[in-house]
2 protein chains.
Amino acid sequence: MKEKAPRHRSTVQRRIILEELQRTRDHPTADELFQRVRERLPNISLGTVYRNLDVLVRTHLARRIDGVGGQCRFDGDLRRHYHIRCVCCGRVDDLTWMDTGVFDAAGVKAPGYEVIGFRLEFEGICPRCKRDADGTETPPTAH
Amino acid sequence: MKEKAPRHRSTVQRRIILEELQRTRDHPTADELFQRVRERLPNISLGTVYRNLDVLVRTHLARRIDGVGGQCRFDGDLRRHYHIRCVCCGRVDDLTWMDTGVFDAAGVKAPGYEVIGFRLEFEGICPRCKRDADGTETPPTAH
DNA sequence: ATATATGCAAAGCTTTTGCCCTTTC
DNA sequence: GAAAGGGCAAAAGCTTTGCATATAT
């Protein structure tokens, strides 16, 4: 019943995409990553980046951070940590200092569900947006 | 500097959209809500639903639940509660029994940030998906 | 050899926006 | 009667997909 999983091959594109994702700490969107990878592989296409991010997430080499307004971000850091997102600009920073076992999904019992994890994200206003703020802009989460 | 906020008017569409959102407990997408509202207001347009959901979220009469893959869900229940999302079908259920102060955003100090809240969401497999599962499908979060 | 991956472009979906008319205050 | 809102359709933005070619094993 279960269709057999394809054995993924090691391609230049995949390796460099992962490298770039791991090199940075700023949780790029697919397009941002595409721009960076493109500097090393000028012919790579955005579709390839999406396909590979997909593979990387499925093989647990990267994590997807679901975003506001339909844009995802990706994280190459597999260590347990939390995120804080700026509601103004959408930027996502790490909260590694909280690297504790505050929450344990195993302890959660949702009736009927098989719980497999949880997602915790703080929301705030990042330093740059605080500086720029004139109170006029409407934050993305509020849309 | 701050542009003055428009004073919102009470329209039939807005009232019914909010009513339908509050009537249900299943966190509909904009389109799902549109279908339900349409039964009462056959001429309403999807754009109006989006515009009103926007207003309702901004005026804190509804909450937006950011979704996987760019589709948002909305919640008309303003009481403090958590969510559990099925990674197979995307369905979101409430976790009201956890209605405790487990987390307090005020206690979180993210360097440089002004913390305004947090988002906690459990992930799991809902009863229906567990029953249907043949292990073949790839969950949405894994994409 | 053959399954897997890439590039390119087109298609798909959700959400936003412009325009002009209608409704609310 | 101004200002806010609605309907409709087009546009926008992100992501996925089809197809022919190239590459990894």
Find the bend of the helix from C:dA1-D:dT25 to C:dC25-D:dG1 as the angle between its two terminal axes (five pairs each), to the nearest 10°.
40°
OP1 or OP2 of C:dT23 less than 4.0 angstrom from a side-chain nitrogen or oxygen of B:Q13, does that happen here?
no
Atom pairs, protein N/O to nucleotides 23-25 of chain D N/O, distance under 3.5 Å:
unit_1, atom_1, unit_2, atom_2, d
D:dA24, N3, A:R9, NH1, 3.0
D:dT25, OP1, A:S10, N, 3.4

Atom-pair distance (CZ on A:R58; P on D:dT16), nearest Å:
11 Å
Can you tell me the distance, in whole Å, between the OH atom of A:Y50 and the P atom of C:dT6?
16 Å
Return the residues of residues 16-26 of chain A meeting this criterion: a heavy atom under 4.0 Å from some atom of DNA chain D. Order them by number, or give none.
none
Under the side-chain contact (heavy atoms from CB on, under 4.5 Å) test, residues paired with B:Q35 that sit two or more places apart
B:D31, B:R38
Which heavy atom of A:L21 sits nearest to which heavy atom of A:F74, and what is that distance?
CD1-O, 3.7 Å
Find out whether A:L78 and A:H60 are in side-chain contact, i.e. whether some heavy atom of one side chain is under 4.5 Å from a heavy atom of the other.
no
Could you pull out the closest heavy-atom pair between B:L61 and B:L18, with the gap in Å?
O-CD1, 3.8 Å
Please evaluate the base of C:dG7 for a donor-acceptor partner in the side chain of A:R38 within a cut-off of under 3.5 Å?
no
Ignoring hydrogens and angles, are the base of D:dG6 and the side chain of B:R14 linked by a donor-acceptor pair under 3.5 Å?
no
Look at the rings of B:F122 and B:Y82 and say which category their plane angle falls in: under 30° parallel, 30 to 60° tilted, over 60° perpendicular.
perpendicular
Under 3.5 Å, is there a donor-acceptor pair linking the side chains of A:H27 and A:D77?
no
Calculate the interatomic distance between B:R51 atom CZ and C:dC19 atom P; express it in whole Å.
13 Å
Could you check whether any side-chain heavy atom of A:H83 comes within less than 4.5 Å of a side-chain heavy atom of A:D75, counting everything from C-beta outward?
yes
Residues, nucleotides or ligands: over 12 heavy atoms within 6.0 Å of A:R15 CZ
yes
Run the numbers on A:I65 and A:R85 for side-chain contact (heavy atoms from CB on, under 4.5 Å), then give the verdict.
CA-CA 10 Å; A:I65 308 171; A:R85 179 193 301 271; 3.7 Å; yes
I need the residues from residues 41-48 of chain A with at least one non-hydrogen atom less than 4.0 Å from DNA chain C; give them sorted by number, or say none.
A:N43, A:I44, A:S45, A:T48
CG of A:N52 versus P of C:dT4: gap in Å, rounded?
15 Å
Does any non-hydrogen side-chain atom of B:I44 lie less than 4.5 Å from one of B:I16?
no
Atom CZ of B:F34 and atom C1' of D:dA9: how far apart are they, to the nearest Å?
13 Å
Give the intermediate values and the outcome of side-chain contact (heavy atoms from CB on, under 4.5 Å) for residues B:R40 and B:E19.
CA-CA 11 Å; B:R40 297 172 63 185; B:E19 266 179 44; 2.9 Å; yes
Looking at B:Q71, I'd like to know whether one of its side-chain N or O atoms comes within less than 4.0 Å of OP1 or OP2 on D:dC14.
no
B:D54 CG - D:dG6 C1' separation (whole Å)
15 Å
Please answer: with hydrophobic residues joined when any side-chain heavy atoms are less than 4.5 Å apart, are B:V49 and B:V12 in the same cluster?
yes
Restricting to salt bridge (Lys or Arg N to Asp or Glu O under 4.0 Å), what partner residues turn up for A:D93, sequence neighbours left out?
A:R91
With a 4.0 Å cut-off on heavy atoms, is B:D31 in touch with a base, just the backbone sugar-phosphate, or nothing at all?
nothing
Taking all non-hydrogen atoms of both residues, which atom of B:D54 and which atom of B:R51 are closest, and how far apart?
CB-O, 3.1 Å
